[in-house]
Q: 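Quick one: the structure is below, questions incoming.
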Protein chains: 2
Amino acid sequence: MAKPHELRERGLRLTPQRELVLAAVRELDHATPEEIAEKVRQTHPGINLSTVYRNLETLENVGLVQHSHLGHGGASYHAAEELAHLHLVCGTCGNVGDAPIETALSFVNALTEDYGFRTDVSHFSVFGTCSTCSQAELS
Amino acid sequence: MAKPHELRERGLRLTPQRELVLAAVRELDHATPEEIAEKVRQTHPGINLSTVYRNLETLENVGLVQHSHLGHGGASYHAAEELAHLHLVCGTCGNVGDAPIETALSFVNALTEDYGFRTDVSHFSVFGTCSTCSQAELS
DNA sequence: TGTGAACTTGCGAATTATTCGCAATTAGTC
DNA sequence: GACTAATTGCGAATAATTCGCAAGTTCACA
């Protein structure tokens with residue numbers, strides 16, 4: 001569970017729902033709002049989906065969680081303190097693989113130098129085909 | 001307008017709607033289904049949004065158009081023959097800038113070598129902050 | 001040139017994901 | 001303990017996309 005003071009410190013009230021949402025985000029990783037609600041319901045059955053959405057937004061505003069756009073549209077949330085990494089999204093099987101941000105370092109730097117574009121690596125998704133699906137295609 | 005045979009060649013029937021959707025995608029670039037429908041309505045007022053969606057899917061299946069995920073969720077369509085480039089999506093102002101795929105070449109190669117992940121550059125979006133918005137933040 | 005089967009379209013309804021308004025409840029302050 | 005503002009639950013409202021189905025079209029072939 002989230003430590004009380006980390007929420008209070010950021011000017012947020014402490015509610016069981018909010019703590020549970022944050023805890024669920026940390027535990028699940030790359031979870032959709034629906035999945036997060038599901039998780040929270042294990043402890044707090046009555047939580048409303050709106051409450052989950054609102055808390056995710058609030059927690060994101062104070063920098064405790066972040067979202068990224070993986071597959072199709074739906075946002076996916078993860079804890080902000082989690083080590084940033086790249087998301088390799090397979091368009092065929094839908095799996096999301098990880099790679100260290102260092103892999104993209106020179107690419108990110110090139111964008112900054114050439115275009116003044118500051119890439120937000122944590123929001124960054126790479127679409128393609130994973131090795132498993134690539135091999136399956138050949139057979 | 002799309003040349004008849006390029007649709008027939010791919011086993012598709014030739015309908016005014018289909019031709020117009022393809023033409024609109026080519027003309028607009030990075031357009032949402034809604035925008036494409038809007039464009040088509042200039043010539044064919046009655047076209048239904050479902051028809052636009054279905055044709056985009058069909059045209060994508062035969063490789064004439066492609067979609068990518070830029071900002072928030074909504075898909076954006078462009079012609080397949082268009083020169084592939086990277087999309088630099090600014091999270092602050094929403095603008096979509098372009099950069100040549102070469103910028104990402106070594107990055108893409110690294111992913112292939114290290115993870116067997118074949119990156120689909122045309123589906124690839126880079127989130128961040130554009131130079132204009134970066135400068136605005138400082139003031 | 002007809003004809004028929006298969007493909008498409010239009011339309012409205014169904015889904016899905018997300019947001020909003022509002023009254024009731026609750027957390028934090030004094 | 002009482003007050004104020006933040007938060008929740010709930011149901012309705014949106015927005016984006018998909019689906020079912022009947023009517024209309026396209027194309028292959030006679």
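Excluded from the calculations below are hydrogen atoms, water molecules and symmetry mates; all remaining heavy atoms, backbone and side chain alike, are included. By convention in this document, chain letters (A, B, ...) are assigned in the order of the sequence lines, proteins followed by strands, and residues within each chain are numbered from 1.
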Q: For DNA chain C, find the residues of residues 55-65 of chain B with a heavy-atom distance under 4.0 Å and give them by number; none if there aren't any.
A: B:N55
Q: Just how far is it from atom CD of B:E102 to atom CG of B:L86, taken to the nearest 0.5 Å?
A: 8.5 Å
Q: Are A:R41 and A:E38 close enough, and set up right, to give a salt bridge (charged side-chain N to carboxylate O under 4.0 Å, His left out), and what steps lead you there?
A: CA-CA 5 Å; A:R41 289 203 185 99; A:E38 202 54 53; 3.6 Å; yes
Q: I need the CG-P distance between A:N48 and C:dT18, as an integer number of Å.
A: 14 Å
Q: Whole Å only: how far is the CD atom of A:E19 from the P atom of C:dT26?
A: 15 Å
Q: What is the distance from CG of A:L20 to P of D:dG9, rounded to the nearest Å?
A: 11 Å
Q: Provide a list of protein-nucleic acid N or O atom pairs under 3.5 angstrom, restricted to nucleotides 12-15 of chain D.
A:
none

Q: For the residue pair A:E6 and A:L22, establish whether any side-chain heavy-atom pair is separated by less than 4.5 Å.
A: yes
Q: Within less than 4.0 Å of OP1 or OP2 of C:dT18, is there a side-chain N or O belonging to A:Y53?
A: yes
Q: Please report, rounded to the nearest Å, how far the P atom of C:dT26 is from the CZ atom of A:R54.
A: 15 Å
Q: In sequence, state the C-alpha distance, the side-chain angles, and the governing distance for B:T119 and B:T112, and then conclude on side chain to side chain contact (heavy atoms under 4.5 Å, CB included).
A: CA-CA 8 Å; B:T119 303; B:T112 303; 5.6 Å; no
Q: List the steps and the verdict of side chain to side chain contact (heavy atoms under 4.5 Å, CB included) for A:Y77 and A:H30.
A: CA-CA 5 Å; A:Y77 288 82; A:H30 293 165; over 6 Å; no
Q: Rounded at 0.5 Å granularity, tell me how far CG in A:D98 sits from OH in B:Y115.
A: 8.5 Å
Q: I want to confirm an ordering. Mapping B:R13 and A:T15 to their closest nucleotides on DNA chain D, which one lands closer to the 5' end?
A: A:T15
Q: Enter the distance from A:L56:CG to A:N61:CG here, rounded to the nearest 0.5 Å.
A: 11.0 Å
Q: Taking CZ from B:R18 and P from D:dT26, how many angstroms apart are they, rounded to a whole number?
A: 11 Å
Q: Quick one: B:E35 CD to D:dA16 C1', roughly how many Å, whole number?
A: 14 Å
Q: Mind checking salt bridge (charged side-chain N to carboxylate O under 4.0 Å, His left out) for B:E81 and listing every partner two or more places apart, or none if nothing turns up?
A: B:R26
Q: With distance as the sole test, does A:Q17 use its side chain to make a donor-acceptor pair with the main-chain N or O of A:V52 at under 3.5 Å?
A: no
Q: Linking I/L/V/M/F/W/Y whenever any side-chain heavy atoms sit under 4.5 Å apart, do A:F107 and A:L105 land together?
A: no
Q: If we ignore hydrogens and angles and just use 3.5 Å, is the side chain of A:E113 paired with the main-chain N or O of A:A110 as donor and acceptor?
A: no
Q: Specify the closest pair of heavy atoms between B:V89 and A:F117, including all atoms of both residues, with the distance to one decimal.
A: O-CZ, 3.5 Å
Q: For the residue pair A:F127 and B:H69, is the inter-centroid distance of their aromatic rings smaller than 6.0 Å?
A: yes
Q: How far apart are the C-alpha atoms of B:L12 and B:T58, what are their side-chain angles, what is the distance that settles it, and do they pass the side chain to side chain contact (heavy atoms under 4.5 Å, CB included) test?
A: CA-CA 9 Å; B:L12 298 183; B:T58 304; 3.5 Å; yes
Q: From CG of B:L7 over to P of D:dT26, roughly how many Å is that when rounded to an integer?
A: 13 Å
Q: Both A:L49 and B:T51 contact DNA chain C. Taking the nearest nucleotide for each, which residue is further toward the 5' end?
A: B:T51
Q: For DNA chain D, which residues in residues 37-46 of chain B have a heavy atom at a distance below 4.0 Å?
A: none
Q: At how many degrees, to 10°, do the end axes of the helix from C:dT1-D:dA30 to C:dC30-D:dG1 meet when each uses five pairs?
A: 30°
Q: Looking only at side-chain N and O atoms, does B:Q17 come under 4.0 Å of OP1 or OP2 in C:dG10?
A: yes
Q: Could you state the atom-to-atom distance from CG of A:L12 to P of D:dT7 in whole Å?
A: 7 Å
Q: Below 4.5 Å, heavy atoms only, C-beta onward: do B:L88 and B:V96 meet side chain to side chain?
A: no
Q: Under the ring pair (Phe, Tyr, Trp, His ring centres under 6.0 Å) criterion, do A:H67 and A:H78 qualify, and how do the steps go?
A: CA-CA 6 Å; A:H67 78 272; A:H78 61 272; 8.7 Å; no
Q: Report, one pair per line, the protein and nucleotides 28-30 of chain D atoms (nitrogen or oxygen only) whose separation is under 3.5 Å.
A:
from, atom 1, to, atom 2, distance (Å)
D:dA28, OP1, B:R8, NH2, 3.2
D:dA28, OP2, B:R8, NH2, 3.4

Q: Working to the nearest 0.5 Å, report the span between CG of A:L49 and CZ of A:R54.
A: 10.0 Å
